[in-house]
Amino acid sequence: MEDIKEDMTSMVKVLDNLQKEGYTVQFKATEDGLCSMDTNKTSKPEDVEIKHFYRFEGESSADDSSIVYAIETNRGEKGTLVDSYGIYSDQHVAKFIKEVEEMKK
């Protein structure tokens with residue numbers, strides 16, 4: 001994974017730039033894996049690559065922090081997965097990302 005540190009100050013700007021780069025699919029993490037909201041097909045951790053990720057810190061509270069993952073599947077789908085940090089994070093996203101990272105070690 002590569003942490004890009006470009007001057008992209010807002011999540012909206014990052015998502016817009018990623019869409020221009022072809023990351024047009026929205027993904028959702030489920031118990032079964034990473035689900036494409038376009039095709040409803042599910043990918044396992046070994047079927048995806050996290051190309052980039054972008055972290056956003058909340059201005060007034062760390063609880064407002066979030067992360068955007070730019071993901072490509074082995075079927076050629078390119079899209080994004082968004083999650084929050086801390087108590088607001090999605091357990092399915094955290095589990096899936098951890099499994100992807102473990103596969104790359």
Side-chain angles (χ1 to χ4, degrees):
M1 285 188 294
E2 183 178 319
D3 186 6
I4 304 297
K5 297 184 183 201
E6 296 177 14
D7 184 24
M8 294 190 213
T9 55
S10 75
M11 186 183 303
V12 172
K13 185 172 180 180
V14 166
L15 290 170
D16 184 52
N17 285 340
L18 286 171
Q19 184 149 1
K20 289 175 185 173
E21 292 177 20
Y23 292 90
T24 58
V25 176
Q26 289 183 339
F27 292 113
K28 178 180 179 179
T30 69
E31 285 185 23
D32 299 323
L34 190 69
C35 181
S36 165
M37 303 307 284
D38 285 1
T39 64
N40 274 342
K41 292 186 179 180
T42 301
S43 299
K44 300 292 182 193
E46 60 269 18
D47 299 329
V48 305
E49 184 175 350
I50 300 171
K51 296 293 198 175
H52 310 287
F53 64 94
Y54 305 86
R55 293 184 181 164
F56 301 92
E57 301 294 327
E59 288 185 30
S60 60
S61 169
D63 292 339
D64 294 337
S65 300
S66 58
I67 188 165
V68 174
Y69 297 97
I71 296 174
E72 188 169 346
T73 71
N74 63 354
R75 289 188 304 277
E77 288 182 291
K78 292 172 66 175
T80 56
L81 176 65
V82 179
D83 194 21
S84 298
Y85 287 145
I87 62 172
Y88 300 111
S89 67
D90 182 324
Q91 66 181 2
H92 296 302
V93 173
K95 180 180 180 280
F96 187 82
I97 296 300
K98 183 176 180 181
E99 290 173 355
V100 171
E101 290 172 346
E102 290 295 320
M103 304 273 320
K104 303 301 177 193
K105 289 184 178 180

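For this chain, numbers begin at 1 and follow the sequence in order. Since this is a predicted model, take the numbers as computed values, not measurements.
Applying the side chain to side chain donor-acceptor pair (under 3.5 Å) rule to Lys44 yields no partners; only residues at least two apart in sequence or on another chain are considered. Residues meeting the side chain to side chain donor-acceptor pair (under 3.5 Å) test with Asp90, sequence neighbours left out: none. With sequence neighbours excluded, no residue forms a side chain to side chain donor-acceptor pair (under 3.5 Å) with Thr24.
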Practice problem: Decide side chain to side chain contact (heavy atoms under 4.5 Å, CB included) for Lys41 and Thr73; before the verdict, give the C-alpha distance in whole Å, the side-chain angles of both, and the deciding distance to 0.1 Å. | Solution: CA-CA 11 Å; Lys41 292 186 179 180; Thr73 71; over 6 Å; no
Self-check item: Worked check of side chain to side chain contact (heavy atoms under 4.5 Å, CB included) between Ser65 and Phe56
Solution: CA-CA 5 Å; Ser65 300; Phe56 301 92; over 6 Å; no
Quiz item: Which is it for His92 and Thr30 under the side chain to side chain contact (heavy atoms under 4.5 Å, CB included) test, yes or no, and what are the steps along the way?
Solution: CA-CA 6 Å; His92 296 302; Thr30 69; 5.6 Å; no
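With values rounded to the nearest 0.5 angstrom, Tyr23 atom OH is found 4.5 Å from His52 atom NE2. To the nearest 0.5 angstrom, Lys78 atom NZ is 9.0 Å from Leu18 atom CG. A distance of 6.5 Å separates CD of Glu101 from CD1 of Ile97, quoted to the nearest 0.5 Å. Between the CD1 atom of Ile71 and the CZ atom of Phe27 there is a distance of 6.0 Å, given to the nearest 0.5 Å. Within the model, atoms CD1 of Ile67 and CZ of Phe53 stand 5.5 Å from one another, a figure rounded to the nearest 0.5 Å. To the nearest 0.5 Å, atoms CG (Leu34) and CZ (Phe96) are separated by 4.5 Å.
In terms of heavy-atom proximity, Ser84 sits nearest to Ser89 at O-CB, 2.9 Å. When all heavy atoms of Thr42 and Arg75 are compared, the closest pair comes out as O-NH1, 3.9 Å.
Within a 6.0 Å sphere centred on CD of Glu46, heavy atoms belonging to other residues, nucleotides or ligands number more than 12.
Using a cut-off of 4.0 Å between Lys/Arg side-chain N and Asp/Glu carboxylate O, Lys98 and Glu102 are scored as not salt-bridged.
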